[in-house]
Amino acid sequence: MFCYQCQETFKNQGCKIQGVCGKNEDTANMQDLLVYVTKGLAEVINKRGEVEEKYYDRLSNNLFVTITNANFDTEAILNLVKETLAMKDELLKDVESDKLSEFARYRSDDSDELRRKAIEVGVLNIMNEDERSLTELVIYGLKGMAAYNHHANVQGFRDEKVDKFLAYALEETTKACTDITKLIDLVMETGSHGVMAMALLDKANTETFGNPEITEVDYSAGKKPGILISGHDLNDMKMLLEQAKDSGVDIYTHSEMLPANYYPEFKKYDNFHGNYGNSWWSQNEEFEKFNGPILMTTNCIVPMKKNNTYRERMFTTGNAGYPGCKHIEADLNGKKDFSEIIELAKKCKAPTNLEDIKVVGGFAHKQVIDLADKVIDEIKKGNIKKFVVMAGCDGRHKERSYYTDFAKALPKDYVILTAGCAKYRYNKLGLGDINGIPRVLDAGQCNDSFSLVQIALALKDAFGLDDINDLPIEYNIAWYEQKAVIVLLALLSLGVKNIHLGPTLPAFLSPTVVNFLVENFNISGNTSVEKDLEEMTR
Ligand code: FSO
Ligand code: SF4
């Protein structure tokens, strides 16, 4: 195995024996094969021109499965490989096979042969370091885009341009190409389609569940048994709330599901209790204490400790998977039956209380733009000097305390704009407000970084500026997995410069690619809180 797709990769070089995330060699290889056959399917889709939506769905789902911490179930991934090859065969009928690449020509339904092939198709097959770096940058961006696309698709929203770009770009990565300029163009195109995918998901979420609104979220535990739902899939959240509404069981969010608390549609449910716990990496301890069933709708799953007590009460759904945990499939209409989880919850103890705290969030674009006059007034009066976008991911490494220290050290006239699980590093610090405007404005999940861009564009218009970089906004972004990669590429495609990216720069960026990003976008890694603060408060 060789994997260097996330921020926690071994020694910031690559996981070669076992993933730091817990992914073992077999799973890693099988994920490589899934990406390989997905590229083959994409090529055949492109040759056919028009195909049914289910083939595009397959591209997004497969890429989503290979995102860090989403799916640890090797057998389930092997089955996806087989299904993908079978779907490709359906499309191959009218395609001349001598015009196809090895990715598209490959076929087998034999598990042993597929396991053998899985060892051969890793990222190190691209020998040229810069070509590999840019190709993987595109692939990781596509994985993030695929995740957002999938969430929109299951709500019945599609953008043909996103689907077609996914197929196009996947095929492009099969072509040996050492033309760096061409690959950089593909990276930037990936970013601009990332904006479209985030816009699509924003439309899907807000048209289906309403616009997020300012909400004080309760983190305390109630007296009734509960179900904890984690991950990013709001459609699953809706189905669970609906099915559990008269059951006497409370629903709690964990980690990236926290922003569900901000949506009007979910607030209607009396048994929606609030949020429980913190970001994804704290789940081993917090899932123990929750006492009831847990539903993982997407990443981030942390491998269970040997002596865990929650394997039997953790369920996965969608593209998430974990060996030994029951997986809830959707029926042909996309409906999921969560009755087994609800029945199990009734027999469980209520959650152990972790903290009695309430935290305010819900500052997506509509809510902030509704407050625009007030915000602009405070900027003009000099009460708000700058915004700092601190969106992205949290992670388990100690060095991430940088973000807590940075937030604490920011001058009192600075406001943090956040989205994603990065917020757990500073959302409970009690950083106060500026004449009623909280100093931490949480827009929602990582995909709601789109909201932060909308807010920036609205401010640019309000101040009559030509360039988004002339705004009083700094970017100090924390990344972990591939959804953060598409958020980064989306920002670059919009022309955002001077981004600080940490806690470390991606291992998959070669020195040539880092130079390109520095020269064209003035990207930098983190140094120390003091130095970065000095630079960002000039
Ligand atoms: Fe976090 Fe995990 Fe949302 Fe990621 S829970 S790290 S960028 O999956 O997707 O922010
Ligand atoms: Fe390593 Fe990250 Fe890949 Fe897991 S996802 S194997 S931690 S690089």
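Not measured: the values here are computed from a predicted model.
- Remark: aromatic rings of Tyr140 and Phe508 are close, center separation under 6.0 Å.
- Checking Thr68 against Asn299 by side-chain atom types alone, no donor-acceptor pair falls below 3.5 Å.
- Salt bridge status for Glu213 with Lys267: present, with a side-chain N to carboxylate O gap under 4.0 Å.
- With a 6.0 Å radius and a threshold of 12 heavy atoms from other residues, nucleotides or ligands, Lys374 has its NZ atom above the threshold.
- Judged by distance alone, the side chain of Thr9 and the main-chain N or O of Cys3 form a donor-acceptor pair under 3.5 Å.
- Checked against a 6.0 Å centroid threshold, the rings of Phe209 and Phe266 count as neighbours.
- Lys336 and Gln243 form no side-chain donor-acceptor contact under 3.5 Å, judged by distance and modelled atom types alone.
- Here the closest heavy-atom approach between residue Leu505 and residue Leu501 is recorded as CD2-O, 3.8 Å.
- Centroid-to-centroid, the aromatic rings of His397 and Tyr480 stay 6.0 Å apart or farther.
- In summary, Lys326 and Glu312 do not engage in a salt bridge, as defined by a charged side-chain N under 4.0 Å from a carboxylate O.
- Looking only at atom types and distance, the side chain of Thr298 has no donor-acceptor partner in the side chain of Asn319 under 3.5 Å away.
- The minimum heavy-atom distance linking Ser255 with Cys421 is given by the pair OG-CB, 4.3 Å.
- Ring centers of His254 and Phe287: under 6.0 Å apart, within the cut-off.
- For Thr206 against Pro212, the heavy-atom pair with the smallest separation is CG2-CD, 4.1 Å.
- Using modelled atom types, one finds a donor on one side chain and an acceptor on the other under 3.5 Å when comparing Tyr269 with Glu242.
- Under a 4.0 Å N-O distance rule, the pair Glu25/Lys16 does not qualify as a salt bridge.
- For the pair Lys346 and Glu343, the salt-bridge criterion is met [side-chain N within less than 4.0 Å of a carboxylate O].
- Checked by atom type, the side-chain pair Thr297/Asp233 shows no donor-acceptor distance below 3.5 Å.
- Within 6.0 Å of CZ on Phe2 lie more than 12 heavy atoms contributed by other residues, nucleotides or ligands.
- Side-chain contact annotation: Asp202 with Asn205, donor-acceptor N/O pair under 3.5 Å absent.
- Within the model, atoms CZ of Phe315 and CD1 of Ile227 stand 8.5 Å from one another, a figure rounded to the nearest 0.5 Å.
- Side-chain atoms of Asp448 never come within 3.5 Å of backbone atoms of Leu452 as a donor-acceptor pair (strictly under, hydrogens ignored).
- Centroid-to-centroid, the aromatic rings of Tyr276 and Tyr219 stay 6.0 Å apart or farther.
- Ring centroids of Tyr252 and Phe290 are separated by less than 6.0 Å, placing the two rings close together.
- Electrostatic pairing of Asp57 and Arg158 counts as a salt bridge here, judged by a charged N lying under 4.0 Å from a carboxylate O.
- Between the side chains of Ser230 and Glu256, not a single donor N or O lies within less than 3.5 Å of an accepting N or O.
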Asp442/Lys423 under salt bridge (Lys or Arg N to Asp or Glu O under 4.0 Å): CA gap, chis, key distance, verdict: CA-CA 7 Å; Asp442 175 24; Lys423 63 172 128 314; 3.2 Å; yes
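- Side-chain atoms of Trp281 and Asp394 include a donor-acceptor pair closer than 3.5 Å.
- A donor-acceptor contact closer than 3.5 angstrom links the side chains of Tyr310 and Asn284.
- Across all non-hydrogen atoms, the minimal contact from Asp532 to Asn526 is OD2-CA, 3.5 Å.
- For the residue pair Ser60 and Asn149, a side-chain donor N or O sits within less than 3.5 Å of a side-chain acceptor on the partner.
- Listed here is the closest heavy atom pair of Pro351 and Ala221: O-CB, 3.7 Å.
- No donor-acceptor contact under 3.5 angstrom links the side chains of Asn69 and Lys23, judged on distance only.
- Tyr263 and Thr208 form no side-chain donor-acceptor contact under 3.5 Å, judged by distance and modelled atom types alone.
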